[in-house]
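A, B, ... follow the sequence lines: proteins, then strands. Residue 1 opens every chain.
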Protein chains: 2
Amino acid sequence: MNAVPASARNDRTGVVDAAMRVLGENGLPGLSMRRIADVLDVQVSALYWHFPNKQTLLAAVSERIVALNNKTPDAAPDLAAIATTLRERLLAHRDGAELVSSSLALGLLELPSRAQLEKAALAAGLDATSAGIAADTIVHYVIGFTFYEQQRVHAAVVGAVDASADLTPVQVGDRVDAFDAGLKMVVAGVRSAAGAHRSR
Amino acid sequence: MNAVPASARNDRTGVVDAAMRVLGENGLPGLSMRRIADVLDVQVSALYWHFPNKQTLLAAVSERIVALNNKTPDAAPDLAAIATTLRERLLAHRDGAELVSSSLALGLLELPSRAQLEKAALAAGLDATSAGIAADTIVHYVIGFTFYEQQRVHAAVVGAVDASADLTPVQVGDRVDAFDAGLKMVVAGVRSAAGAHRSR
DNA sequence: ACCTGAACACCGTTCAAGT
DNA sequence: ACCTGAACACCGTTCAAGT
């Protein structure tokens, strides 16, 4: 939690850097404007020069979490692969799913994966309307599953302290299996919508 | 916001009543322990005799939201009908989906609809493991879609004040259509899992 | 362009003490 | 059994003023 030299002044990127660090160390409940300011060795009010409010700052953090580091410029990306990649991005950051879920719901975040999913659905033979719905459906599944999972893991850790619950409540492999099995169902359902009428 | 007579003392039911009222009037962001105490004409600390903390109180509120008022004791409840009923319960209360989503993730809430879905999935021919996964998948879809929808509606109302955005951004009918279309995909996918191997 | 300092109006939670 | 009163350690946001 030691601060960075106050020599140079900050920009939006630096503020988001600090926020990501606070998120990693304290989780979403501990991600306060004051703690971000502390990391930057700056007054809280200084943050409001860079962002109009906390939600906007969190949206910038979310954007970084879901950003596509396009090493492979999508070589035949099927629906399941896109969904799995999104899930991995969310799992890579503490409380990532909750953060992204709220930014998304507030309309402050565009999900690159959603556009990919829509494109893949079109390629699979869905009409335009259905492709959009299919993309949203898969996104809801991935975020919902991962949010639930990330919270449960945290709850299990906390709960294991005061109640001596079973120490290995869920094995990682089991969770991956459950995610894949559910995803398989959703993707099968999306595929079954191919070749429908193109009614408005 | 006028208070109730302090003559009789309160019980958990009364506290949840007050919380539901605050939720309806102020939404989840305005649902504070202090406001609940105000409605009951009581000090904040009094609430902690009834509930150990805020999350537990919110779980009790969530429980009431998703409670099944079993008028029809489930006459042939198919997957889509159960999902639609859950969605309607969530929509019936301000920020209902967000509230239930968080109580669920924290492991403080058992969803009656989930048990119904699991049973219906078994009846549809899924094995035990797949039926559980199918139930979770549908729950994630319903909560994810409804959460997003409830937040967007609120954001649209707020946004329409300062920005003169299109006043009817989404018609209710369109949203119902989108929910049903996505649900149809998910249910079709679940059905396609019937008759799978019964591996461990 | 970027930050300080101070204030405002809130939070959840604890705890001794009352009846 | 149920509540008061007071405190503790926090919050997000605003705003005049500095450099």
In whole Å, what is the span from the [atom1] atom of [X] to the [atom2] atom of [N]?
X        : N       : atom1 : atom2 : result
Asp11(B) : dC2(D)  : CG    : P     : 8 Å
Asn10(B) : dA1(D)  : CG    : C1'   : 12 Å
Met33(B) : dA9(D)  : CE    : C1'   : 17 Å
Gln43(A) : dA1(C)  : CD    : P     : 22 Å
Leu28(B) : dG12(C) : CG    : P     : 11 Å
Leu40(A) : dT4(C)  : CG    : P     : 10 Å
Ile36(A) : dC3(C)  : CD1   : C1'   : 16 Å
Phe51(A) : dT13(D) : CZ    : P     : 13 Å

With sequence neighbours left out, what residues match Tyr141(B) under ring-ring contact (aromatic ring centres under 6.0 Å, His included)?
Phe145(B), Phe179(B)
Rounding to an integer number of angstrom, what distance separates dC10(C) and dA9(D) when you compare their P atoms?
22 Å
Using the P atom on both, measure dA17(C) against dC2(D) and round to a whole Å.
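Those two atoms are separated by 22 Å.
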Residue pairs passing the ring-ring contact (aromatic ring centres under 6.0 Å, His included) test where at least one lies in residues 10-60 of chain B, sequence neighbours excluded
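Residue pairs with at least one partner in residues 10-60 of chain B: there are none.
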Can you pull out every ring-ring contact (aromatic ring centres under 6.0 Å, His included) where at least one residue sits in residues 107-137 of chain A? Sequence neighbours excluded, please.
none
Closest nucleotide among dC11(C), dC3(D), dG5(C) to the Trp49(B) side chain
dC3(D)
Nearest to the Val42(B) side chain among dT4(D), dC11(C), dG12(D), which nucleotide is it?
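Nearest to the side chain of Val42(B) among the choices is dT4(D).
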Quick one: label Asn53(A) by what it contacts on the DNA or RNA (base, sugar-phosphate, nothing), any heavy atom closer than 4.0 Å.
sugar-phosphate
For [X], enumerate each residue passing the side-chain contact (heavy atoms from CB on, under 4.5 Å) test, keeping only those at least two apart in sequence or located in another chain.
X         : result
Ser45(A)  : Gln43(A)
Asn53(B)  : Gln55(B), Thr56(B)
Ala181(A) : Ile133(B)

What residues form a side-chain hydrogen bond (donor to acceptor under 3.5 Å, both in side chains) with [X], not counting sequence neighbours?
X         : result
Asp95(B)  : none
Ser103(A) : Ser62(A)
Glu118(A) : Arg114(A)

Classify every nucleotide of nucleotides 14-19 of chain C by which part a protein heavy atom approaches to under 4.0 Å, writing B for the base, S for the sugar-phosphate alone and - for neither, in 5'-to-3' order.
BB----
Would you please test Leu57(A) and Ile36(A) for side chain to side chain contact (heavy atoms under 4.5 Å, CB included) and show each step?
CA-CA 11 Å; Leu57(A) 202 167; Ile36(A) 298 170; 4.2 Å; yes
Consecutive-pair stems (3 or more, Watson-Crick or G-U, under 3.5 Å) for DNA chain D
C:4-8 with D:12-16, C:12-16 with D:4-8
If you take any heavy atom closer than 4.0 Å to DNA chain C, which residues from residues 54-65 of chain B end up in contact?
Lys54(B)
State yes or no: do Phe147(A) and Tyr148(B) share one hydrophobic cluster built from I, L, V, M, F, W and Y residues joined by side-chain heavy-atom distances below 4.5 Å, directly or via other members?
no
